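Here is the structure we will look at, set down as C-alpha cells.
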There are 2 protein chains.
Amino acid sequence: MDGRPSTLREQRRAETQRVIQTHAVRLFVERGYDGTTVNDVAEAAGVSPMTVYRHFPTKEDLVLVDQNGPLVADRVAATPAGQPLVHRIGGALVESARALTAGDDRFLLARLRLMISTPALRARHLDNHHVLQQAIVDGLGDEAADPDTAFRAAVAASACLAAMHTALVRWATEDGRGDLPDLISEAFAAAFGDAAPRPR
Amino acid sequence: MDGRPSTLREQRRAETQRVIQTHAVRLFVERGYDGTTVNDVAEAAGVSPMTVYRHFPTKEDLVLVDQNGPLVADRVAATPAGQPLVHRIGGALVESARALTAGDDRFLLARLRLMISTPALRARHLDNHHVLQQAIVDGLGDEAADPDTAFRAAVAASACLAAMHTALVRWATEDGRGDLPDLISEAFAAAFGDAAPRPR
DNA sequence: ACCAGGATGGTAGTAACTATCAATTTGGGG
DNA sequence: CCCCAAATTGATAGTTACTACCATCCTGGT
C-alpha cells in the first residue's frame, strides 16, 4: 500500500508527529502521565489540541506509536519452514530487538518505563501483541491454512511475545544496561528450553 | 486479610455488585459496550451512577471484575517443585479452567466475547495477566529467590498465560462448544511441546 | 501562478471519571 | 428492643479525554 514516506507532505507529517511525541514523552517523564493533559502537550509542541488528536487518536498513542512498521511478521515469514514455530518467531523477535537497540536507547527506554509504570499504557501495549500475533499468523500464509495449525501458530506467537515482553520489562528495570537481544534469547530458553522441541 | 464475605454487610455488598454487573453485561451485549453509558447501567440496576462508580472504579471493571479470587497462584505453589515450571503452571491453569467452566457457562462466555471484541476491555484483561504473573512468582517463595530464577519464572508464567489466553479466544469464538481445559492443554502442547523439556 | 486537497484551528458537545458534602440505612452490642 | 457508629448511598459541580462540524490556511504538483 504505502511504503516509507515518499512525498514531501508525508515527510512533514512524520516530522510534526515526531515533534509532538518527543514533547509528550518529555512531559510525561517530568510530570507523570496522569499529571499531564493533552492540552499541555499541545502547548509544549506549539500546536493546537486538535492537531494532537489528529496525529494521535488517543493519549496513549503519544507513547505507544512506533514509526517502525510491522516488520516482525515479515521476518518470521522469511524463516525456513522446517523449524519449530517458537524458534522461528523467537529468532525474528531477537533480530528485531537488535535493530531497535542499535540507535539511541534513551527515547526507547523512557517510553518503556512509562509503559511499565502506567496501567493504561501497559494494557494498550500488551494489546498490541494481538495485532502482531495476527500479522505473524497471517504472514505464514498457506503454512497455517487449516484452523488447527493456525491455532498452534497463534499460541506460539502469543507465548513468544509474552516471553519477549517479560524480557523487555527486565531490561527497562535494569535501565537498559544488559544486552536486550541476549535477554530475550535467555527468556526464550527459559520458556521453551534450550534444545529445540523435536518436530514430529 | 479478608476471606469470603462473612458479615451480612459484605454479603449485601457482594449482592448489589452482582446485580449491577449482571445488568451491565446484559446491556453491553444488547447495545454494545461503547453504546452503553455508565448512567444507563445505573438506571437499569436501579441505583445512582455514584453507586456504580463506588463498586466498579472503571467502566471496564463492570465486565472484568471476577469474584473468584487469585487461586491460580496457590495452585502453582502447591505443585511439586521438581517439574519444569511451564508444566506446573500449565497444570494449575487447566485445573482453574475446569473449575471455572463447571457451573453456568453463559455469563462467562458473554463476558469473554465482550473482552475479545472491545479493545479497551481486551487490553485491561491482558494487563490482569501482569497481576497473576506476579502472584505466581511470589507464590514460589524461596524457589525463586535470586533475580535470575525469578526472571525465568516470570517468563514461564507470562508465556503460559498468553497461551491460555489464545485458547480462551478460540473457545469463545467457537461459542464454548469445545472443552476449555482440553483446549488449554492443546495450547500448552503447541507452545512447549508434548514432552517435558528436561530439567538441568 | 494556480488551485485542489490536505493540514490546522475554533467551537460546542458527550461521557468517563473525581471530590466533596449531605442524607439515609444498617446491624451488632447494651 | 433500641441506639449509635459506621457504612452505604445520593446530589452537585468540576476536570479531562475525545468527537463532530465547519471555516481557514497552507502546500505542492501540474
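Note that these values count all heavy atoms, side chains included, but never hydrogens, waters or copies made by symmetry. Naming convention: chains lettered A, B, ... in sequence-line order (proteins, then strands); numbering from 1 in each chain. Note that the coordinates shown come from a computational prediction; the quantities given were computed from them, not determined experimentally.
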What is the distance from CD of E60(A) to C1' of dC18(D), rounded to the nearest Å? 12 Å
Taking all atoms of both residues into account, what is the closest heavy-atom pair of T36(B) and L27(B), and its distance? OG1-O, 3.5 Å
When rounded to whole Å, the CD1 to P distance for the pair I20(A) and dA7(C) reads 12 Å
Please report, rounded to the nearest Å, how far the P atom of dC17(C) is from the CG atom of L62(B). 9 Å
Per-nucleotide protein contact along nucleotides 21-30 of chain D, 5' to 3', at a 4.0 Å heavy-atom cut-off (B base, S sugar-phosphate only, - neither), is ------BS--
Can you tell me the distance, in whole Å, between the CG atom of N39(A) and the C1' atom of dA17(D)? 9 Å
Could you tell me how far apart D34(B) (CG) and dA17(D) (P) are, to the nearest whole angstrom? 18 Å
Is E95(A) atom CD crowded by more than 12 heavy atoms from other residues, nucleotides or ligands, each under 6.0 Å away? yes
Give the rounded distance in Å between these two atoms: CD of Q11(B) and C1' of dT8(D). 16 Å
Could you tell me whether P49(A) contacts a base, only the sugar-phosphate backbone, or nothing, with contacts defined as non-hydrogen atoms closer than 4.0 Å? nothing
Can you label the angle between the H165(A) ring and the H125(A) ring as parallel, tilted or perpendicular, going by 30° and 60°? tilted
Nearest to the side chain of T51(A), which nucleotide is it out of dA11(D), dT8(D), dG9(C)? dG9(C)
Rounded to the nearest angstrom, tell me the gap between atom NZ in K59(B) and atom C1' in dC18(D). 13 Å
Tell me whether the count of non-hydrogen atoms from other residues, nucleotides or ligands lying under 6.0 Å of CG in D146(A) goes above 12. yes
Exceeds 12 heavy-atom contacts within 6.0 angstrom, atom CD of Q17(A): yes
Residues passing the ring pair (Phe, Tyr, Trp, His ring centres under 6.0 Å) test with H130(A), sequence neighbours excluded, are none
The side chain of T37(A) is closest to which nucleotide in this list: dC18(D), dA17(D), dT8(C)? dA17(D)
Report the distance from atom CD of Q17(B) to atom P of dT8(D), rounded to the nearest whole Å. 10 Å
Check whether Y53(B) forms a cation-pi arrangement with K59(B) (NZ or CZ under 6.0 Å from the six-membered ring centre, at most 45° off the ring normal). no
Distance below 4.0 Å between H55(B) side-chain N/O and dT9(D) OP1 or OP2: yes
